[in-house]
Amino acid sequence: MIDYSAIPSPCYVLEESRLRHNLEILNRIQKESNSKVICALKGFSMWRTLPLVGEYLSGATASSLNETLLASQKMGKEIHICAPAYRKDEIETLLSHATHITFNSFSQWLAYKNITLKKKVSAGIRINPEYSSIDTDLYNPASRYSRLGVTRKEFKLELLDGIEGLHFHALCEQNADALGAVLATIEKNFGEFIPKMKWINFGGGHHITRADYDVELLIKIINQFHKKYPGVEVILEPGEAVGWQTGELVSSVLDIVHNEIDIAILDISVAAHMPDCLEMPYRPMVMGSGMLGVKQHSYRLAGNSCLAGDIAGDYSFDKALEAGSKIIFMDMIHYTMVKTTFFNGVKHPAIGLWKDGKFHLVREFGYEAFRDKLS
Ligand SMILES: Cc1ncc(COP(=O)(O)O)c(C=O)c1O
């Protein structure tokens, strides 16, 4: 249990035991369904912990050259690459590190087929099931006109020579039943190609480490798939499920202003340091708080940038807030850390690790980090 009084503000702090807990669940799935689980770096790439992630998972999936290099340097197991398109000037380096690469179109496959085969990297093609039960369009790769994956109509059987895998990604924070429904559509539309493959990647969006996730059903679905398609390896590449509820963003109140309501200005920016709260949008949980008006003292929690909408939401607390009060935003490790910006130059939260009952400061961001991102 983290002692938040020992954490400087602002700081993202990951509790190692909670990460281990998630990794154990993911590893159980690998073992009981004879599948591979790899970490999607786009969602979780706190690289100090990648050696630990590598103790449990089979590797990482990268969506860019930068993530590929990180996987290679910090984890070094299987490296899968999947991006909407690859640059000519990067493909050789990508393939020098990758074990698997997924192409998003047959034109990219043709462009890079020779070099992929020469480098002996296992190639796959991303398919678009044209079905998903994701409610938010922003996060739905299977919506109409999606650029992500080849639809059945565009699928070219005659170009499959050299292709060893299929990849789909059509879930977002979903349970195993949603995977079952997507898989049924995949089998209906692309089933004839599956037995020709060495592997199939079920993508991410499996909320496996969430308390109500049906792990047994996932294991059952994969095992049934194996029975139907013997010899086709199944790969899952969750990001969020790796870092899910492994830590917090610790911030503190700088000032309280009043404009009909009390507004606490914090030493972080929601826009810069918790961007998904505005993008999705969602109201982040704050430790010890209630909904507006439920507890005695109510506040709007707001960030320290110029953006009028730099607001986390309205909350209530048992004790009145004052300058220096700590505000702890829950579950702020996955996606958050990888999406931060230096907008307004607001002090970037440090990154820390809570391990063996102690706080370890991993990284601080000073003026140089801000300066060196610009020029
Ligand atoms: C292709 C692909 N794989 C894996 C993931 C990871 O998804 P999640 O973090 O929701 O598990 C994503 C997320 O967008 C993705 O696009």
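Just follow the structure's listing: the first ligand is 1, and inside any ligand the first atom is 1. For clarity, every value in this text was computed on a predicted model and none was experimentally measured. The first residue in the sequence is number 1, and the count goes up from there.
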If you count the atoms of ligand 1 from 1 in the order shown, which ones are under 4.0 Å from a heavy atom of [X]?
X      : answer
Arg126 : 1 (C)
His167 : 1 (C)
Glu240 : 8 (P), 9 (O), 11 (O)

Item checked: Closest protein heavy atom to atom 1 (C) of ligand 1, given as residue, atom name and distance to 0.1 Å -> Glu237 OE2, 3.5 Å
Next item on the list: Around atom 9 (O) of ligand 1, find the nearest protein heavy atom and jot down its residue, atom name and distance.
Entry: Tyr335 OH, 2.6 Å
Item checked: Salt-bridge criterion met for Glu216 and Arg28 (N-O under 4.0 Å) -> yes
Item checked: Pairing of Glu279 and Lys339 as salt bridge, 4.0 angstrom limit -> yes
Next item on the list: Keeping the roles fixed (side chain from Asn175, backbone from Asp177), state whether a donor-acceptor pair exists under 3.5 Å.
Entry: no
Next item on the list: Report yes or no: does a heavy atom of Ala40 sit under 4.0 Å from some atom of ligand 1?
Entry: yes
Next item on the list: For the residue pair Phe103 and Trp109, categorise the inter-ring angle as parallel (less than 30°), tilted (30 to 60°) or perpendicular (more than 60°).
Entry: tilted
Next item on the list: Take the angle between the ring planes of Phe365 and His348 and call it parallel below 30°, perpendicular above 60°, tilted in between.
Entry: tilted
Item checked: Pick from Cys82, Ala170, Gly205, Gly149: the one approaching atom 8 (P) of ligand 1 most closely through a non-hydrogen atom -> Gly205
Heavy atom under 4.0 Å from ligand 1: found in [X]'s side chain, backbone, both, or neither?
X      : answer
Lys42  : side chain
His169 : side chain
Phe44  : neither

Note to self: My understanding is that only one of Trp244, Tyr12, Phe44 makes a ring pair (Phe, Tyr, Trp, His ring centres under 6.0 Å) with His334; could you say which?
What the structure shows: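 Between His334 and the candidates, ring pair (Phe, Tyr, Trp, His ring centres under 6.0 Å) is satisfied uniquely by Trp244.
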Note to self: Return the CD1 to OG1 distance between Ile127 and Thr185, rounded to the nearest 0.5 Å.
What the structure shows: 10.5 Å
